[in-house]
Amino acid sequence: MGKTIQVKDLLSNTRLSVVQGQEYLNRPIVTADISRPGLEMTGYFDYYAPERIQLMGITETTFAQRMTHDELLMIARKMMDPRTPAFVVSTWRKLPVEFLQIAAENKIPVLETELTSSQILANMTYYLSGQLADRQSVHGVLVDIYGLGVLITGDSGVGKSETALELVQRGHRLIADDRVDIYQRDEENLVGEAPAILRHLMELRGVGIIDVLNLFGAGAVRDHSTIAFNLHLAKWDKDTKFDRLGNGEDYITVQGVRLPRMVLPVQTGRNLAVLIETAAKNFRAKKMGFDATETFNKNLNALIEKNSPKDE
C-alpha cells in the first residue's frame with residue numbers, strides 16, 4: 001500500500017514556507033496530483049478535485065485582482081473544501097485576503113515559495129509520486145554499485161547479506177538488506193528503498209544485526225536508488241544450464257516494469273563481490289554500446305570465414 005503523508009512532510013522536503021495555518025500542517029495528502037485552479041477562478045467547478053493540493057500562480061492571482069469582494073468570497077468557499085490539504089502560492093505571489101480568511105475558517109494551511117509554478121509543481125509531483133506510490137516488498141538486498149542500483153536476490157542462506165557487506169567494504173553503498181520496498185517512479189524505472197525499521201541495518205548470521213551507517217560511515221549507505229537490474233544468486237547445480245556468453249535476455253516484472261535479470265551461480269571459491277562488480281560494469285558498458293559478446297561473435301565469424309575453404 002502507498003504511504004500516508006501529511007502537509008508537514010511536503011513542507012520539509014520542498015522549498016515551501018508557511019504563510020498561515022502552522023497548526024494545521026497535519027492534514028493528510030492522499031494523491032500526488034496537483035491542481036492549477038484556473039477555470040475554477042471563473043466559477044467552473046464541474047470537474048474540481050478538492051482532494052488535491054491547489055497551486056496558485058501568477059495567472060490565478062492576477063485574475064483574482066479583477067474580481068469583486070463578493071466574487072472572491074464565493075469562489076473561495078467553493079475551493080476551500082474540508083478535503084483540501086493545502087494551498088500553495090508560487091513566485092512570492094499573495095492570495096487575496098478573502099482566500100486567506102476562508103482558509104483560516106476551514107483550517108487549511110497556505111504555503112508559499114519563490115519558485116515559479118512550473119518549478120514547484122515539478123518538485124512537489126516528484127516528491128509526492130515517490131511517497132504515495134504503491135510499494136511491493138521483495139526479499140533481497142539492494143546495493144548501489146558504481147551508481148547502479150543492483151537488486152540481489154536468492155534463496156535464504158545463499159550469502160546475499162555477506163556479499164553485500166563485502167561490497168560495502170569495497171566502497172559501494174547499501175540501500176536495503178533482507179527486504180526491499182520497490183515502487184514505480186515512471187513507466188520504465190523502479191526505485192528501491194529500505195523499510196523504515198530496517199534502514200541502514202544488516203543482519204549477519206552468527207554476528208547479529210549491525211548498523212552500517214555507524215560502522216562504515218555516511219558514505220556507505222543511501223536511502224534509495226533506481227534499480228538497474230536484478231542479479232539472482234543460484235546455488236550451483238551441475239545439471240542446471242547457466243548463461244556462459246551473456247547473450248541471453250532474461251527479465252522479471254515488478255510493478256508492471258520489466259527489469260533485466262542475470263543469474264549468477266554460487267560455488268565454493270567464487271568471489272561473489274568481484275563478480276557482481278564486474279556484472280555491474282558490464283551492464284553499464286552494454287548500455288553505452290560496448291558488448292563483449294558481439295565482439296566475440298564478430299571475431300568468431302571472421303575466424304570461420306578465414307579458415308573456410310575457398311571456391312576455385
Side-chain angles (χ1 to χ4, degrees), residues 2-133 183-189 191:
K3 293 182 179 179
T4 298
I5 66 171
Q6 299 177 339
V7 174
K8 62 183 177 183
D9 300 315
L10 177 70
L11 188 69
S12 60
N13 287 277
T14 54
R15 292 169 60 178
L16 292 169
S17 55
V18 180
V19 176
Q20 68 176 41
Q22 181 75 40
E23 62 272 36
Y24 309 130
L25 297 180
N26 61 344
R27 292 176 70 89
I29 302 175
V30 298
T31 176
D33 295 327
I34 297 170
S35 288
R36 296 289 307 276
L39 284 175
E40 287 77 6
M41 294 294 293
T42 69
Y44 184 78
F45 281 85
D46 286 4
Y47 297 98
Y48 182 59
E51 71 281 0
R52 299 179 181 180
I53 291 174
Q54 306 298 319
L55 173 59
M56 306 278 285
I58 294 176
T59 302
E60 292 81 7
T61 53
T62 302
F63 185 84
Q65 294 173 0
R66 304 180 181 181
M67 301 171 66
T68 66
H69 171 74
D70 291 339
E71 288 174 336
L72 287 170
L73 282 178
M74 180 189 68
I75 296 299
R77 288 193 175 100
K78 288 186 176 182
M79 293 176 65
M80 304 289 182
D81 188 277
R83 293 168 290 175
T84 304
F87 269 71
V88 175
V89 190
S90 68
T91 331
W92 290 140
R93 303 292 292 185
K94 302 300 179 183
L95 280 184
V97 293
E98 292 84 355
F99 274 57
L100 295 176
Q101 173 191 333
I102 303 302
E105 291 177 4
N106 291 328
K107 301 180 180 180
I108 299 173
V110 177
L111 314 176
E112 66 179 358
T113 179
E114 79 279 9
L115 300 178
T116 66
S117 295
S118 297
Q119 290 171 329
I120 192 60
L121 178 64
N123 286 359
M124 291 192 297
T125 300
Y126 179 82
Y127 174 72
L128 292 175
S129 296
Q131 293 300 308
L132 296 173
Y183 65 90
Q184 182 181 0
R185 188 177 68 190
D186 52 45
E187 291 77 8
E188 297 181 353
N189 293 293
V191 176

Give, for atom [atom1] of [X] and atom [atom2] of [Y], the distance between the pair rounded to the nearest 0.5 Å.
X	Y	atom1	atom2	result
Arg52	Thr31	CZ	OG1	6.0 Å
Met41	Ile75	CE	CD1	7.0 Å
Ile34	Ile53	CD1	CD1	5.0 Å
Asp46	Glu40	CG	CD	9.5 Å
Leu25	Asp9	CG	CG	10.0 Å
Leu95	Gln101	CG	CD	13.0 Å

Least distance between heavy atoms, [X] atom then [Y] atom:
X	Y	answer
Glu71	Thr68	OE1-N, 2.9 Å
Ile58	Thr61	O-OG1, 3.3 Å
Pro37	Ser35	CD-O, 3.5 Å
Leu10	Thr14	O-OG1, 2.6 Å
Gly130	Tyr183	CA-CE1, 3.5 Å
Val89	Arg93	CG1-O, 3.1 Å

key: Glu23 atom CD, over 12 foreign heavy atoms within 6.0 Å   = yes
A side-chain contact here means heavy atoms from C-beta on lying under 4.5 Å apart; do [X] and [Y] qualify?
X	Y	answer
Asn189	Gln184	no
Thr84	Gln54	yes
Met56	Ser90	no
Leu121	Ser117	no
Tyr127	Ile5	yes
Leu132	Ile29	yes
Arg27	Pro109	yes

ask   = Would you call Lys94 and Glu112 a salt bridge, using N to O less than 4.0 angstrom?
value = yes
task = Could you walk me through whether Gln65 and Thr62 pass side-chain hydrogen bond (donor to acceptor under 3.5 Å, both in side chains), step by step?
result = CA-CA 5 Å; Gln65 294 173 0; Thr62 302; 5.2 Å; no
task = In sequence, state the C-alpha distance, the side-chain angles, and the governing distance for Leu16 and Met124, and then conclude on side-chain contact (heavy atoms from CB on, under 4.5 Å).
result = CA-CA 10 Å; Leu16 292 169; Met124 291 192 297; 4.2 Å; yes
With distance as the sole test, does [X] use its side chain to make a donor-acceptor pair with the main-chain N or O of [Y] at under 3.5 Å?
X	Y	answer
Asp186	Glu188	yes
Gln119	Thr116	yes
Asp81	Pro50	no

request  = Check the pair Leu111 / Val7 against side-chain contact (heavy atoms from CB on, under 4.5 Å), numbers first and verdict last.
outcome  = CA-CA 10 Å; Leu111 314 176; Val7 174; 4.0 Å; yes
key: Full working for salt bridge (charged side-chain N to carboxylate O under 4.0 Å, His left out) between Glu114 and Arg15   = CA-CA 8 Å; Glu114 79 279 9; Arg15 292 169 60 178; 2.3 Å; yes
ask   = Could you walk me through whether Leu73 and Arg77 pass the side-chain contact (heavy atoms from CB on, under 4.5 Å) check?
value = CA-CA 6 Å; Leu73 282 178; Arg77 288 193 175 100; 3.6 Å; yes
request  = Mind checking salt bridge (charged side-chain N to carboxylate O under 4.0 Å, His left out) for Arg36 and listing every partner two or more places apart, or none if nothing turns up?
outcome  = Glu60
task = Check the pair Thr42, Phe63 against side-chain contact (heavy atoms from CB on, under 4.5 Å), reporting the backbone distance first and the verdict last.
result = CA-CA 9 Å; Thr42 69; Phe63 185 84; 3.8 Å; yes
message = Per the ring-ring contact (aromatic ring centres under 6.0 Å, His included) rule, what does the pair list look like for residues 18-49, sequence neighbours excluded?
response = Phe45-Tyr48
